[in-house]
Amino acid sequence: MDPFVYRHSELSCERVSLRALAAATGTPAYVYSKAALLEGYRAYDRAFAEVPHIVCYSVKANSNLAVLGVLGKAGAGADIVSGGELFRALRAGIPTDRIIFSGVGKTPDEMRAALEVGILLFNVESLSELRALDAVARELGVKAPVALRVNPDVNPQTHAYIATGLRTSKFGIPYDQALEAYEEAAGLKGVEVVGADMHIGSQLTKAAPFADAVARIASLVKTLRERAIEIRLVDVGGGLGIRYRAETPPTHQEYATVLLPALRELGVTVLLEPGRSIVGNAGLLLTRVLYRKDTGEKKFVIIDAAMNDLIRPPLYDAYHEIRPVNEARLGGPVETVDVVGPVCESGDFVAKDRELAQAQEGDLLAIMSAGAYGFAMSSNYNTRPRAVEVLVDGDSYTIVRRRETYEDLVAGETAL
Ligand code: LLP
C-alpha cells in the first residue's frame, strides 16, 4: 500500500494533508503512516503463518518509541543491536521473550542488561564474544540463550556497505568454522545453544541469495542435530529490499516461498529481523524549498532538510523519489536540478541532476521512502536540531518526537 496519495490536489499521508501538517509542525518533518507500518508487519505475519514464527522488527531502521509501540502491540518482537535499543524496546513495551540481541560488538554491560531482563536470544558473532557472554552469564548465575550468527558466504548483490554475508565481511562466524564454534558453545556452562542465525545484507532485491543462505544454514542445523546439538530457533535475518525507484524486490509471499521449504522441514520456530521492508515506504521526509539558484552551469533547489536529516543519498548514492506536495506542479514545466540542503558540504544533496517538476520558493517537497534509516541515522551536524517526527493515523496525527531545541543540543555540555 502507498499511504501517500494526492487528495484534493495535495499530497497527503492517509487522510492528512501534508500542507496542513507542515503548517502545524514546521519542516523538515518525518511523517509516518500507522496503517502502512502495520501492513508492513502483517505482510510478514501472513506470509509465515504456516510455521511458528516471530517477526522481530529491526529497531535500527527506525527506533521511535511510537513506531516500536505500534508494531509491538500488533505482535512484533524486536531485533536490537545495543543497550540503547534494548532500553527503547522495553520502554515501548515489547515483551522480553520477543527480543533478540544481534551485533558484532556487544559490551559486557549490554550483555548483563539483556540477561537481567531475560531476552529470547543472543545472536553471537565470534568466539571471543561467546566466551565473554558465558562469563557474564555465569557471574549472574543464569544461562544465556544463544544462536551463532553464521556467515553463509553468499553474494547478496547489494551495495557494498550493506552487504554482510560475504566471507570478507566483519559479520558472523565463517561457515567452515561454525561447527567447531557450536561444539565449544555446547560445552559452556553459562550458555544454552538454542538457535542458528544468518543475515546476509540489506536492500536485497533478488530471492536467490536468501535461498542459498538458508539452504546452508539448514544443512548446518542437520549436522548439529547429528551431534546432539538441538536447534529450535532459526533466525533468517532481515534484508528484504523495497522499491525506491524501479526495483522489483520479491514480495513477502515470494520471500516466504523461497525460505519456507528448508525451514518447514527443520520444524523450528522461525525468527525474522526485517527493518526497511516494514518502515521504509511507510515514511517520508517533508521539506520546504528555501531558495533557487542558477549558476549557468547548474540549477539548484535549496531545501530546509539536509544531509544531517537524511544521509542516505551522499553515503550510499541512494535514490529517493521527490514529489511536490502541490499536485498542480506536476502539470507545469520540468527542469533538471540538484536538490541540496543548507549544510556546508558539497556532499549535502538529496538528488543530483534530477528531472523534477519546477519547484518554487516556499513549495513543499516530499522525499519519499525515508521511513527506514532516515531519522535513525540523522545527526546534529552544523548544530541543526533533528526534525520533528509525526505519526499519522487516518485523519489525525500525533507528534511522536518533537523537534529538538537549541537547548536540547547543548544540554550535557559544559562551557568553560
Ligand atoms: N538484522 C541485522 C543483523 C542487520 O544488520 C540488519 C541491518 C537488519 C537485520 C535489518 O535489515 P533490513 O531489513 O532493514 O534490510 N543504513 C543502511 C542499511 C544498513 C543495514 C544494517 N543492518 C541504509 O540506509 O540502507
Side-chain angles (χ1 to χ4, degrees), residues 30 37 40-41 43-44 54-63 67 71 76-82 85 89 99-106 121-126 129 147-152 156-166 169-173 195-206 209-210 213 217 234-245 247 249-250 252 255 259 270-283 285 307 309-320 350 367-379:
Y30 274 98
L37 275 179
Y41 164 72
Y44 275 102
I54 308 176
V55 181
C56 296
Y57 166 67
S58 193
V59 173
K60 66 171 81 69
N62 184 325
S63 52
V67 170
L71 295 173
D79 164 46
I80 60 165
V81 290
S82 68
E85 288 190 352
I99 297 178
I100 57 187
F101 199 162
S102 305
V104 281
K106 304 169 194 78
L121 186 67
F122 288 84
N123 286 331
V124 170
E125 301 219 15
S126 66
E129 184 197 340
L148 297 188
R149 175 169 173 184
V150 178
N151 185 336
Q157 303 166 41
T158 185
H159 190 286
Y161 287 9
I162 51 179
T164 54
L166 287 165
S169 93
K170 72 173 175 182
F171 296 100
I173 295 175
D197 171 44
M198 66 181 227
H199 172 79
I200 55 175
S202 196
Q203 185 54 15
L204 270 66
T205 53
K206 305 244 177 350
F210 289 117
I217 298 296
V234 170
D235 182 342
V236 295
L240 184 60
I242 62 167
R243 188 183 179 95
Y244 284 97
R245 187 180 196 175
E247 302 92 333
H252 297 81
Y255 173 71
L259 293 177
V270 177
L271 306 178
L272 300 132
E273 302 173 353
R276 187 191 320 262
S277 49
I278 290 182
V279 286
N281 277 329
L285 175 58
M307 65 190 289
D309 299 300
L310 181 67
I311 189 94
R312 302 192 71 258
L315 189 56
Y316 311 116
D317 229 350
Y319 181 97
H320 286 263
V350 175
I367 303 170
M368 308 305 295
S369 310
Y373 307 109
F375 186 91
M377 294 178 81
S378 66
S379 76

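Here the structure is a predicted model, which means the values were calculated and not measured. The analysis underlying the following values was restricted to heavy atoms, covering all of them including side chains, and did not include hydrogens, waters or symmetry mates. In each ligand, atom 1 is the first atom listed, and ligand 1 is the first ligand listed.
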Are Tyr255 and Phe210, when compared by the centres of their aromatic rings, separated by less than 6.0 Å?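 They qualify: ring centres under 6.0 Å apart.
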
Enumerated ligand 1 atoms positioned under 4.0 Å from heavy atoms of [X]:
| X | result |
| --- | --- |
| Pro274 | 13 (O) |
| Arg149 | 3 (C) |
| Gly275 | 12 (P), 13 (O), 14 (O) |
| Ser58 | 8 (C), 9 (C), 10 (C) |

For ligand 1, does [X] get within less than 4.0 Å through its side chain, its backbone, both, or neither, judged by non-hydrogen atoms?
| X | result |
| --- | --- |
| Tyr316 | side chain |
| Arg276 | both |
| Asp79 | side chain |

message = For a quick test of reading the model, state the closest non-hydrogen atom pair linking Gly374 to Tyr30 and the distance between them.
response =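 Gly374 and Tyr30 have their closest heavy atoms at C-OH, 3.2 Å.
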
Between Pro249 and Leu204, the two heavy atoms sitting closest are CB-O, 4.3 Å

- Query: Is Lys106 close enough and on-axis enough to Phe101, meaning under 6.0 Å and within 45°, for cation-pi?
  - Reply: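 Here Lys106 passes the 6.0 Å and 45° test against Phe101.
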
* To do: Determine, using heavy atoms of Gly239 and all atoms of ligand 1, whether some pair is separated by less than 4.0 Å.
  =>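 In this structure, Gly239 qualifies as a contact of ligand 1 - some heavy atom is under 4.0 Å.
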
Looking only at N/O atoms, are Ser102 and ligand 1 under 3.5 Å apart anywhere?
no

- prompt: With respect to atom 22 (N) of ligand 1, which of Lys60, Glu125, Glu273 exhibits the smallest heavy-atom separation?
  reply: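 Answer by nearest heavy atom: Lys60.
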
Only residue of His199, Met198, Glu129 satisfying side chain to side chain contact (heavy atoms under 4.5 Å, CB included) with Arg149 is His199

Is it true that a side-chain atom of Glu125 and a backbone atom of Asn123 form a donor plus acceptor pair closer than 3.5 Å?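 Answer holds: no.
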
With sequence neighbours left out, the residues meeting ring pair (Phe, Tyr, Trp, His ring centres under 6.0 Å) with Tyr373 are none

